[in-house]
Amino acid sequence: FLGRKEIDAELFDDLEELLITADLGVTTTRELLDHARRKVHRKELSDPESLKLALKDKIKSFIIDYQRDAELVMPESGPFVIMVVGVNGVGKTTTIGKIAHKFVKAGRSVMLVAGDTFRAAAVSQLQIWGERNGVHVVARADRADPSSVVYDAMDIAKAKNYDVVLVDTAGRLHTQTNLMEELKKIKRVMGKRLEGAPHEVMLVIDATTGQNGISQAKLFHEAVGITGITLTKLDGTAKGGIVANICREMKTPIRFIGVGEKMEDLRDFDPDEFIEALFE
Amino acid sequence: NLTDRLEGVFRRLRGHGTLTEDNIQEAMREVRMALLEADVHFKVARDFVAGVTEKAIGREVAKSLSPGQQVIKIVHEELVALLGGNTEQLRLDGRQPVTIMMAGLQGSGKTTTSGKLAAMLKNKGRRPYLVPADIYRPAAIEQLQVLGDKLGVPVHPSTTDTRPVDICRQAMVAAAEKNYDTVIIDTAGRLHIDESLMSELKDIQEAVQLSEILFVADAMTGQDAVTVAEKFNHDLAITGVVLTKMEGDARGGAALSIKSVTGKPIKFVGMGEGLDALEVFHPDRTASRILG
Ligand SMILES: Nc1nc2c(ncn2[C@@H]2O[C@H](COP(=O)(O)OP(=O)(O)OP(=O)(O)O)[C@@H](O)[C@H]2O)c(=O)[nH]1
Ligand SMILES: Nc1nc2c(ncn2[C@@H]2O[C@H](COP(=O)(O)OP(=O)(O)OP(=O)(O)O)[C@@H](O)[C@H]2O)c(=O)[nH]1
Ligand SMILES: [Mg+2]
Ligand SMILES: [Mg+2]
């Protein structure tokens, strides 16, 4: 483990560097190392391997500390509506294309909703994902109010009895109050038109995000109540350690990870694999 | 915040007219913590603090400042110097047409920034030409076309069945024919560890005379900023950096990480989604933000 034969100050320095460069943040790293130091002091740990294991267990406890099921659970009847939110460029639209693929492979009927009526070519981008999956995309030709697109979409979803509805929203910074209000309205309209919708509010977080991820999660949660997280771009070199803090704070499960730009590049989140990768 | 924490540090140590090696140690630990909380890379923060410590030892505490404020002043000055040392504008006077290639990770803001640059250059009286060279992302070419239409800036009619390097060659021919003086090439987002896609950028660099290669990075990037910037700079010899989404609440430590590891000037910051939201980089504002 990091080539060290014994627990000493240098080992702790190396661990500090490992945890911080994995984006776990200063406060959490400090807490983890203090926890480890106490165990060493109480003679509960005496070699680097067991210290490593103790750290992994502690981090795992932050991540799986949620009360809901880790898997997406389909409702008894009616469309299962997933609203996808997050800041600009994190991979919302692409993730919807991937989730659609997963459900189509599982034999479900899927519908996409082009709720980003703002950004250049956002609707076209989602339509291409719809074509790739062979699924219907509800979109408006004009720059309609996203709430009105979603309103119509809920009616269509009910009428055509789709199993899964994926609603794309425009990227927005969590600090833009008016845009966060817009998101609340989209959610309200969904719920009024189709009872229980959205059944899942999925926050997409980019694995390269630093400590700002905590602020993002906090404000999106306050605005619309996040029920699941997808961590994207884990095929890069970033470790995505920020989610350890987010999950700990919000007790929200990480549903999926994005590991590439193709339709198949989505995996169910595996906490053990994730933590192993943190320590690589 | 850092000022309060430093006041706390110096309250515990007594009577200071000069910053000494002893009284500065604990203060510098607080500074390092603040930098890490701001997403400055682990090694960059350590080196920066070591450098500033040397500068601070032996300095007199100004009459009007508390020791904590004096330390912040020195740290702030040093940050500004590091961030902005060689601030540079776009190189517009060299060989014409000026050719700018945008490069960076997926979703960092390259396409939007290409549009913003075109808007800025058009306002300066230049004749920009937007070149969509992203043949992979669904509707990427359309995205740049929509921006061009909005601005009244011509966009090269790229298609997804042409190799990016050929798109660029063809665009240079078109630019010469139509007398466009600034060519802005938007490339696909890619991972720095994807060797075949990094080669694609090197191919463009060899095929076209590039005046600028702008590395576009998201202001909220964490520790990974160093690894990514280092690789892009190593493979392409970037000439400048653009930090996007800076109007949010990210502390922006990635700015210091990227600047220290590449040595290349941060030329612009993206301050919004609108095509007018591009500003010249202000080192002092970013320094204050990083220090919190
Ligand atoms: N390498 C990699 N790239 C990804 C992943 N997920 C998305 N991307 C890429 O990230 C870029 C942005 O993806 P989008 O789906 O447009 O992101 P978005 O959140 O919808 O963006 P906005 O709607 O503009 O806010 C695209 O180039 C995607 O191909 C991933 O898991 N790995
Ligand atoms: N808030 C904010 N959003 C920005 C800024 N710059 C770009 N964006 C948004 O970030 C998202 C991604 O921008 P793009 O221009 O598509 O990014 P890209 O680098 O071209 O993405 P790929 O081509 O997929 O790699 C879009 O939603 C943009 O509107 C900025 O300065 N502030
Ligand atoms: Mg999108
Ligand atoms: Mg792009």
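What's counted below: heavy atoms across the whole structure, side chains too, no hydrogens, waters or symmetry copies. Letters A, B, ... mirror the listed sequences (proteins, then strands); counts begin at 1.
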Residue [X] versus chain B: region with a heavy atom under 4.5 Å:
X: Gln176(A); result: side chain
X: Gln125(A); result: both
X: Val123(A); result: neither

Greatest number of heavy atom pairs closer than 4.5 Å to chain A - which of [options]:
options: Lys150(B), Gln143(B), Glu247(B); answer: Gln143(B)
options: Ala139(B), Gly107(B), Pro138(B); answer: Pro138(B)
options: Gly222(B), Ala254(B), Gly109(B); answer: Gly222(B)

Just by distance, do the side chain of Ser257(B) and the backbone of His41(B) share a donor-acceptor pair under 3.5 Å? yes
If only atom types and distance count, is the side chain of Thr208(A) paired as donor or acceptor with the main-chain N or O of Ala238(A) below 3.5 Å?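 Checked: no pair found.
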Ring-plane angle category for Phe232(B) and Phe215(B), please: parallel below 30°, perpendicular beyond 60°, tilted otherwise. tilted
From Asn88(A) CG over to Met220(B) CE, what is the distance, rounded to the nearest 0.5 angstrom?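 Answer rounded to 0.5 Å: 8.0 Å.
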Salt bridge (charged side-chain N to carboxylate O under 4.0 Å, His left out) between Arg5(B) and Glu37(B), worked out: CA-CA 14 Å; Arg5(B) 301 210 290 229; Glu37(B) 286 167 352; 3.3 Å; yes
Which answer fits [X], side chain, backbone, both or neither, if we ask what part of it has an atom under 4.5 Å from a heavy atom of chain A?
X: Thr227(B); answer: side chain
X: Ile193(B); answer: side chain
X: Leu105(B); answer: side chain
X: Arg251(B); answer: neither
X: Arg32(B); answer: side chain
X: Gln145(B); answer: neither

No-hydrogen, no-angle side-chain donor-acceptor test under 3.5 Å, Gln216(A) and Asn212(A):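 Yes, a side-chain donor-acceptor pair sits under 3.5 Å.
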Would you find more than 12 non-hydrogen atoms of other residues, nucleotides or ligands less than 6.0 Å from Arg285(B) atom CZ?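 Check fails, neighbour count at 12 or below.
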So does Glu182(A) pair up with Lys185(A), basic N to acidic O under 4.0 Å? no
What do the steps show when you test Asn233(B) against Lys264(B) for side chain to side chain donor-acceptor pair (under 3.5 Å), and what is the final call? CA-CA 9 Å; Asn233(B) 191 37; Lys264(B) 300 298 161 70; 2.9 Å; yes
Are the side chains of Phe220(A) and Arg172(A) in contact, using a 4.5 Å heavy-atom criterion?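 Yes, their side chains come closer than 4.5 Å.
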Sort out for me which of [options] touches chain B most, counting heavy-atom pairs under 4.5 Å.
options: Glu17(A), Glu16(A), Gln211(A); answer: Glu17(A)
options: Ala207(A), Ser215(A), Gly25(A), Gly97(A); answer: Ser215(A)
options: Thr94(A), Ile242(A), Asp235(A); answer: Asp235(A)
options: Ile128(A), Asp23(A), Thr232(A), Asp206(A); answer: Asp23(A)

